[in-house]
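Working notes for the structure below.
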Amino acid sequence: IKTFSTGKLSEPSASILCSAEPVDESSVKKMILTFEKRSYKNQELRIKFPDNPEKFMESELDLNDIIQEMHVIATMPDLYHLLVELNAVHSLLGLLTVVDLLQELTDIDTLHESEEGAEVLIDALLEGQVVALLVQNMERLDEQVKEEADGIYNTLAIIENMAEFRPGLCTEAAQQGLMQWLLKRIKAKMPFDANKLYCSEILAILLQNNDNTRELLGEMDGIDVLLQQLSVFKRHNPSTAEEQEMMENLFDALCSCLMLPANRDRFLRGEGLQLMNLMLREKKVSRTSALKVLDHGMIGPEGADNCHKFVDILGLRTIFPLFMKTPKKMKKTGTSEKEHEEHVSSIIASMLRNLKSQQRSRLLTKFTENDCEKVDRLMELHFKYLEAVQQADKRIEGEKHEMVRRGEILDDSMEDEFYLRRLDAGLFVLQLICYIMVEISNSGISQLQQRVHQILNLRGGSVKVVRHIMREYAESIGDGKSDEFKEAERKRIMDLVDNF
């Protein structure tokens with residue numbers, strides 16, 4: 001059914017709203033019952049005269065009028081329960097031309113005005129399989145027609161509102177055909193527009209902290225879709241701010257997916273490493289995000305295959321220049337120097353952790369080249385971040401002292417918050433750098449060990465400080481991993497530290 005929903009009130013409803021009748025529970029009930037009646041009558045006539053629109057045109061206009069009137073309910077979320085109790089949600093879902101009404105009803109600010117009303121409405125919508133119906137409706141729309149393209153945009157807004165209000169529905173939504181529709185729309189050969197941007201946004205939302213949707217995307221060959229869409233930006237910068245935003249959403253979606261081990265293999269087979277490596281060489285805007293993707297793809301024991309492949313495709317030639325010198329252009333893409341140095345250090349640390357045999361020796365040889373210049377740079381970064389962390393520690397100690405003086409209690413949650421602040425100040429990068437220092441010192445290549453200790457002594461650093469940082473790092477390791485893994489990893493790090 002297509003009603004003539006222009007969003008403007010047609011004459012009769014405008015006059016009803018302007019009349020003195022206040023909008024309260026009884027007038028809303030009346031409105032809903034009128035809607036039910038007109039909806040039923042319209043359906044009846046459509047079935048009776050399928051080929052004769054004149055016969056049901058009047059009932060269509062009547063129905064449209066009452067739907068327009070019902071927009072007023074969106075200003076009163078505490079009356080949403082009436083929509084459910086009088087079964088109107090079911091009828092609304094049957095019409096689906098009421099997308100703009102649903103969008104107003106689910107407006108996120110309105111939902112938060114009355115949590116109870118919102119809960120009832122969302123429950124009823126989900127029970128009516130709202131996402132599956134919305135997706136079926138979008139499948140039928142033709143985006144060449146402006147009204148229908150708007151309909152898709154408004155539909156995505158309904159889904160975003162509901163997902164923001166209740167993040168738990170993402171898995172269900174993705175499984176009800178939304179994931180498939182989004183991937184299809186993202187790879188459609190159409191010029192870039194607001195709808196494509198919105199699709200990339202919804203996709204990134206669905207994948208946030210959700211292994212179910214990451215698995216689903218992987219099974220639907222979504223990793224390939226993301227890589228194909230991103231490959232456009234290997235040699236060209238996005239032409240507008242909106243297009244850049246879409247590119248970043250797709251990169252975020254890819255990073256999210258790589259949190260799931262099964263997707264690391266799909267990324268490897270889809271030649272994701274080759275694409276990211278090219279992006280790093282091309283020096284376009286996409287370079288920053290490509291670095292982040294590599295970090296996600298190579299980290300942890302699940303990243304071992306990607307680490308070996310990265311060396312095979314000559315990735316060391318790309319990553320070390322970025323380690324030696326942080327690009328000046330970073331400011332433009334809104335990335336901080338620290339973020340860049342963190343990703344590069346993390347990639348090198350992952351390789352030191354994962355590489356075996358010949359690939360590992362190729363990595364260590366890099367550190368000996370040109371009179372150990374990479375070690376010199378490593379030590380320069382060590383002192384840079386050590387100083388930043390020491391300053392943060394001083395501030396935090398001062399605050400703790402103040403709190404104790406005021407008689408406040410330093411509980412675990414305060415300690416956690418202080419630790420997060422230290423990580424943010426640069427402790428995380430410092431831990432990665434110290435890890436690289438102890439790894440290369442234990443490599444059996446004496447000139448590396450000598451150079452690390454020589455610079456430490458020269459600049460008044462100390463082995464004790466490095467050991468302390470590594471102990472703290474070993475303590476915090478292995479979020480979400482098994483206890484055996486944590487234990488083995490701690491022991492491995494502590495053995496490296498003891499030999500340092």
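In terms of modelled atom types and a separation under 3.5 Å, the side chain of H296 and the main chain of L254 share no donor-acceptor contact. Counting only distance, with no hydrogens or angles, the side chain of T213 and the backbone of L206 share a donor-acceptor pair below 3.5 Å. Of the possible donor and acceptor atoms, one in the side chain of T106 sits under 3.5 Å from a partner among the backbone N and O of L102. Formation of a donor-acceptor pair under 3.5 Å by the S286 side chain with backbone atoms of M279 is not found in this model. Judged by distance alone, the side chain of R422 and the main-chain N or O of L427 form no donor-acceptor pair under 3.5 Å. Listed for the N195 side chain is a donor-acceptor partner under 3.5 Å among the backbone atoms of A149.
Listed by chain and number, the residues in a side chain to side chain contact (heavy atoms under 4.5 Å, CB included) with L278 are K234 (sequence neighbours excluded).
Counting heavy atoms of neighbouring residues, nucleotides and ligands inside a 6.0 Å radius, atom CD of E408 exceeds 12 of them. Around CD of Q180, the count of heavy atoms belonging to other residues, nucleotides or ligands within 6.0 Å does not exceed 12. Atom NZ of K309 has 12 or fewer heavy atoms from other residues, nucleotides or ligands within 6.0 Å. For E127, the CD atom is loosely surrounded, since the number of other residues' heavy atoms within 6.0 Å does not exceed 12. In E85, the CD atom is crowded: over 12 heavy atoms of neighbouring residues, nucleotides or ligands sit closer than 6.0 Å. Other residues, nucleotides and ligands place more than 12 heavy atoms under 6.0 Å from the CD atom of E472. In the displayed structure, K338 atom NZ is contacted under 6.0 Å by more than 12 heavy atoms of other residues, nucleotides or ligands. Dense packing is recorded around NE2 of H112, with more than 12 heavy atoms of other residues, nucleotides or ligands lying under 6.0 Å away.
We find that E415 and K400 are joined by a salt bridge, their nearest charged nitrogen and carboxylate oxygen being less than 4.0 Å apart. Between R406 and E402 there is a salt bridge, with a side-chain nitrogen of the basic residue lying less than 4.0 Å from a carboxylate oxygen of the acidic one. Checked for salt-bridge contact, R269 and D221 miss the test: no charged N lies under 4.0 Å from a carboxylate O. Between R214 and D211 there is a salt bridge, since a side-chain N of the basic residue sits under 4.0 Å from a carboxylate O of the acidic one. One finds no salt bridge joining E58 and K41 here, because no Lys/Arg side-chain nitrogen approaches an Asp/Glu carboxylate oxygen to under 4.0 Å. Between E172 and R166 there is no salt bridge, since no side-chain nitrogen of the basic residue lies less than 4.0 Å from a carboxylate oxygen of the acidic one. The pair E215-R266 meets the salt-bridge criterion, since a charged nitrogen lies less than 4.0 angstrom from a carboxylate oxygen.
Across all their heavy atoms, S345 and V429 have their closest contact at OG-CG1, 4.3 Å. In terms of heavy atoms, P327 sits closest to R287 at CB-NH2, 3.2 Å.
Two residues are said to be in side-chain contact when any heavy atoms from C-beta on lie closer than 4.5 Å; L226 and L217 meet this criterion. Under the 4.5 Å side-chain criterion, counting only non-hydrogen atoms from C-beta, F35 is in contact with L92. Contact of the E69 side chain with the T34 side chain is not registered, since no non-hydrogen atoms from C-beta on lie closer than 4.5 Å. Between D252 and K292 the shortest side-chain heavy-atom distance falls below 4.5 Å. M298 has its side chain out of reach of N354: every pair of non-hydrogen atoms, C-beta onward, lies at least 4.5 Å apart. Between P238 and F192, the closest side-chain pair of non-hydrogen atoms is not below 4.5 Å. Taking 4.5 Å as the limit, every side-chain heavy atom of L125 sits out of range of all side-chain heavy atoms of L105.
Going from atom CG of L227 over to atom CD of E271 covers 9.5 Å, rounded to the nearest 0.5 Å. With values rounded to the nearest 0.5 angstrom, T318 atom OG1 is found 11.0 Å from E282 atom CD.
For the pairing with L156, the side chain to side chain contact (heavy atoms under 4.5 Å, CB included) check across L182, N161, L134 returns one residue only, L182.
A centroid separation of less than 6.0 Å is found between the aromatic rings of Y153 and Y198.
Side-chain contact check for T326 and E341: at least one donor-acceptor pair (N or O, by modelled atom type) lies under 3.5 Å. If you check the side chains of D416 and S413, you find no donor sitting under 3.5 Å from an acceptor.
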For a side chain to side chain donor-acceptor pair (under 3.5 Å) check, start with the C-alpha distance between D24 and S27, then their side-chain angles and the critical distance, and finish with the verdict. CA-CA 5 Å; D24 55 17; S27 61; 3.2 Å; yes

